[in-house]
Amino acid sequence: MNKYSLLQWERLNHIPAVPKILQDPHLITAVPDGQPSKTKRPEITELFPFTSQLPPLAFIKKEGQTHRPLRIGVVFSGGQASGGHNVIWGLLSALKSLHPHSALFGFCDGPVGILDQSYVEITNDSIKPYRNQGGFDLIGSGRDKIATNEQLQLAEQTMNVLHLDGLVIIGGDDSNTNAAILSEYFKKHKCPTSVIGVPKTIDGDLKNGDIEISFGFDTAAKVYCEIIGNLARDALSAKKCYFFVKLMGRSASHLVLECALQTHVNMALISEEVEAKQLSLQQIVDSICDMIIQRSAKGKNYGVVLIPEGLIEFIPEMNQLIRELNQCYAEQVLLEQIEQKLTQESKRCFKSLPEKIQKQLLLIRDPHGNLQVSKIETERLLIEMVEKELASRKFSKFSPQPFFCGYEGRSGLPSLFDSQYCYALGNTAAVLLQSGVSGYISCIKNLAKPVETWEPCGIPLTSMLKLEYRNGSYKPVIEKALVDLKGATFAEFEALREEWLLADDYLYPGPIQFFGPEVLTNSITRTLFLGMNA
């Protein structure tokens with residue numbers, strides 16, 4: 001049986017375009033671009049004395065360089081994001097361009113592979129079947145962290161056993177925090193292994209003034225937009241159903257915002273706005289009911305509502321309830337006694353919830369006892385509460401359908417943008433490694449413009465860190481970038497959403513396009529376009 005679909009075969013043979021400056025990796029090097037970063041957070045300087053004063057880096061051409069063979073390790077960390085294989089492909093291609101005897105080793109199943117010294121050598125032949133393909137299945141991934149002294153020592157031992165010149169960590173905010181910690185530890189203990197991070201997450205929350213977007217966001221948004229557009233067409237055709245669509249995104253609402261702009265759904269809830277306006281659960285339910293009744297008056301008993309995955313954590317009374325429940329678990333309060341430990345406000349909130357959601361809040365826990373918010377069926381919670389409220393208003397023309405846009409957005413064939421972006425990120429990581437620097441994240445700027453004008457660079461990981469209270473103590477973490485309610489992307493949404501509420505102004509983006517007019521194949525997200533043109 002053929003291992004690949006026809007489209008997979010075509011994508012295997014596609015060679016990504018690269019920024020002009022990366023076309024000859026052996027002719028470029030990374031140099032300081034300005035003064036060392038003076039962190040405004042002295043607590044970070046204290047925790048990272050060896051890496052907290054690094055300068056940002058730019059790439060320049062430098063003739064006459066000679067390069068020795070490099071031995072580099074690479075690891076996927078965290079959830080999947082389309083394009084990861086192209087990061088490894090770009091990394092390997094650039095390493096081989098720098099010196100044909102360079103070697104790349106992939107650690108299996110995430111950071112635990114570093115601790116267990118479980119790895120495979122990645123060659124041109126082994127990466128070939130994964131070029132422009134989705135998933136992380138070449139070497140697998142995992143959510144383990146390398147944080148304790150024992151784990152850091154094991155990591156250093158692995159670097160020494162393999163004689164690695166560098167380690168590339170492909171991951172999100174927590175994974176790149178881990179990269180910063182490893183880099184500092186290796187510097188302190190005179191381990192010669194450089195550490196470079198790569199920004200990965202479909203959530204879109206690993207970005208700042210330097211990182212314009214994380215890889216995987218473009219593909220996930222396009223996959224979800226196709227689904228949402230199809231559901232909107234179905235709603236408009238059948239004229240009898242409301243789709244309540246929950247989208248991945250954990251804390252940030254970037255995916256909901258992007259998909260709303262691309263599909264013009266009737267309502268999209270933005271967690272950050274809910275928190276800023278201190279909206280209660282009942283106020284959210286009331287706003288949905290108001291829309292349903294107003295649309296019904298126009299003969300429209302159908303529509304689409306988008307819901308961010310982490311919404312309930314941003315609703316004030318739900319956030320307080322979750323904190324109290326987490327504290328109960330931390331204190332090992334018996335399940336049957338938890339309700340007695342709640343404050344009156346939280347007890348009232350808990351009792352107002354559907355029984356199924358109550359059980360999920362009590363039982364769905366991670367190994368640390370914290371609520372796994374992503375597994376709470378927020379879309380069903382809203383449906384049940386909307387049904388109850390509509391019944392109290394004597395309104396019966398409501399036929400809801402829950403839908404979760406989840407894992408299908410993480411591992412699809414990467415869009416042309418993500419294919420090229422990831423290949424360039426891999427190239428960039430290789431140049432940073434051959435320049436002998438450590439404690440940086442691979443970064444590409446100017447992403448809203450043609451690929452040849454993209455600007456690769458290196459950004460100090462410590463410049464992105466802050467202290468955050470986690471599991472009973474303050475820890476250094478890369479700050480999540482939530483939706484900016486004063487930014488251009490939200491402003492466009494805010495200007496249009498009232499019109500979408502009652503109109504059937506749906507757009508149908510359709511599937512990701514790999515062939516045809518450049519206006520389709522090279523399309524970028526509204527989030528990226530508006531962010532770069534603000």
Q) Is the Lys NZ or Arg CZ of K200 less than 6.0 Å from the centre of F215's six-membered ring, within 45° of the axis? A) no
Q. Are any side-chain N or O atoms of S287 and backbone N or O atoms of I284, one a donor and one an acceptor, separated by less than 3.5 Å?
A. yes
Q. Is a donor on one side and an acceptor on the other found under 3.5 Å between the side chain of S346 and the backbone of L342?
A. no
Q.
Under a 4.0 Å threshold between the charged nitrogen and the carboxylate oxygen, would E273 count as salt-bridged to R497?
A. yes
Q.
Run the side chain to side chain contact (heavy atoms under 4.5 Å, CB included) test on I146 and L154 for me, step by step, so that the C-alpha distance in whole Å, both residues' side-chain angles and the decisive distance to 0.1 Å come before the verdict.
A. CA-CA 9 Å; I146 301 175; L154 287 172; over 6 Å; no
Q: Return yes if some donor-acceptor pair links the side-chain N/O of D116 with the main-chain N/O of S118 below 3.5 Å, else return no.
A: no
(Q) Could you tell me if Y185 and N149 have a donor-acceptor pair between their side chains, going purely by distance under 3.5 Å? (A) no
**Q.** From D109 atom CG to L115 atom CG, the distance as rounded to the nearest 0.5 Å
**A.** 12.0 Å
Q) Any idea which heavy atoms bring P460 and P55 closest together, and the distance? A) CG-O, 3.7 Å
Q. So, do T378 and I357 sit near enough that their side-chain heavy atoms are less than 4.5 Å apart?
A. no
Q. Tell me, do F217 and T527 make a side-chain contact under 4.5 Å, heavy atoms counted?
A. yes
Q: Look at the side chain of E313 and the backbone N and O of S251, then say whether any donor-acceptor pair between them is shorter than 3.5 Å.
A: no
Q.
Quick check: closest heavy atoms across P199 and S442, and the distance to 0.1 Å?
A. CD-O, 3.3 Å
Q.
Does any part of the side chain of N178, heavy atoms only, come nearer than 4.5 Å to the side chain of D174, both counted from C-beta?
A. no
Q. Could you give the distance from CD (E384) to CD (E355), rounded to the nearest 0.5 Å?
A. 10.0 Å
Q. So which heavy atom on C289 is nearest to which on E389, and how close?
A. SG-CG, 3.5 Å
Q | Minimum side-chain heavy-atom gap I227-E408 below 4.5 Å | A | yes
(Q) Given 3.5 Å as the limit, does a donor-acceptor pair link the side chain of D144 with the main chain of P111, or not? (A) no
Q: Identify whether NZ of Lys or CZ of Arg in R233 sits under 6.0 Å from the centre of the six-membered ring of Y506 and within 45° of that ring's axis.
A: no
Q. Any side-chain heavy atom of R526 sitting closer than 4.5 Å to one from T489?
A. no
Q.
Under a plain distance cut-off of 3.5 Å, with no hydrogens placed, do Q360 and E377 share a side-chain donor-acceptor pair?
A. yes
**Q.** Side chain to side chain, L261 and F493, heavy atoms closer than 4.5 Å
**A.** yes
Q | Side-chain donor or acceptor of E317 paired with backbone N/O of E345 under 3.5 Å | A | no
Q: With side chain to side chain contact (heavy atoms under 4.5 Å, CB included) as the test, would you mind laying out the steps for I307 and V245 before giving the verdict?
A: CA-CA 6 Å; I307 304 158; V245 186; over 6 Å; no
Q: Using a strict cut-off of less than 4.0 Å between a Lys/Arg side-chain nitrogen and an Asp/Glu carboxylate oxygen, indicate whether R393 and D290 qualify as a salt bridge.
A: yes
Q | Nearest-0.5 Å distance, CG of residue L461 to CD1 of residue I441 | A | 5.5 Å
Q. For the atom pair CG (D210) and OG (S463), what is the distance rounded to the nearest 0.5 Å?
A. 6.5 Å
Q. With no hydrogens and no angle check, do the side chains of T201 and S214 hold a donor and an acceptor under 3.5 Å apart?
A. no
Q. Ignoring hydrogens and geometry, is there a side-chain-to-backbone donor-acceptor pair from S253 to S271 under 3.5 Å?
A. yes
Q) Which distance, rounded to the nearest 0.5 Å, do you find between the CD1 of I315 and the CD of E275? A) 11.0 Å
**Q.** pair I478-L465: side-chain heavy atoms closer than 4.5 Å
**A.** yes
Q | Intermediate values then yes/no, ring-ring contact (aromatic ring centres under 6.0 Å, His included), F136 and F76 | A | CA-CA 7 Å; F136 281 1; F76 286 132; 3.9 Å; yes
Q. When you look at NZ of K240, are more than 12 heavy atoms from neighbouring residues, nucleotides or ligands closer to it than 6.0 Å?
A. no
**Q.** Expected output: side-chain R295 to main-chain N301 donor-acceptor under 3.5 Å
**A.** no
Q | Pairwise salt bridge (Lys or Arg N to Asp or Glu O under 4.0 Å) hits with a residue in residues 324-343, at least two apart | A | E339-K351
(Q) What I want to find out is whether K207 reaches E212 closely enough, with some N-O distance under 4.0 Å, to be called a salt bridge. (A) no
Q.
Checking side-chain polar atoms at under 3.5 Å, does T219 have a donor or acceptor matched by the opposite partner on S82?
A. no
Q. Above 12 or not: heavy atoms from other molecules or residues under 6.0 Å from NZ of K145?
A. no
Q: Step through the shown structure and confirm whether more than 12 heavy atoms of other residues, nucleotides or ligands are within 6.0 Å of CD on E46.
A: no
Q.
Tell me if the OH atom of Y407 is crowded by more than 12 foreign heavy atoms within 6.0 Å.
A. no
Q) Which heavy atom of C241 sits nearest a heavy atom of P400, and at what distance? A) SG-C, 4.4 Å
Q.
Under a 4.0 Å threshold between the charged nitrogen and the carboxylate oxygen, would R250 count as salt-bridged to D203?
A. no
**Q.** F50 backbone acceptor or donor facing E184 side chain under 3.5 Å
**A.** yes
**Q.** side-chain hydrogen bond (donor to acceptor under 3.5 Å, both in side chains) involving D218 - partner list, sequence neighbours excluded
**A.** K222, S415
Q: Identify the heavy atoms of S175 and G171 that sit nearest to each other, and give their distance.
A: CB-CA, 3.6 Å
**Q.** side chain to side chain contact (heavy atoms under 4.5 Å, CB included) between F417 and L528, worked out
**A.** CA-CA 11 Å; F417 173 86; L528 182 58; 3.8 Å; yes
Q) Can you name the nearest heavy-atom pair linking G172 to L206, along with the distance? A) C-CD2, 3.8 Å
Q.
Does I228 form a side chain to side chain contact (heavy atoms under 4.5 Å, CB included) with L247? I'd like the steps, not just the answer.
A. CA-CA 10 Å; I228 294 163; L247 273 70; 4.1 Å; yes
Q.
Keeping Q283 on the side-chain end and S280 on the backbone end, is there a donor-acceptor pair under 3.5 Å?
A. yes
Q. So do the side chains of L167 and I196 get within less than 4.5 Å of each other, counting heavy atoms only?
A. no
Q. Atom CD1 of I202 and atom CD of Q80: how far apart are they, to the nearest 0.5 Å?
A. 9.5 Å
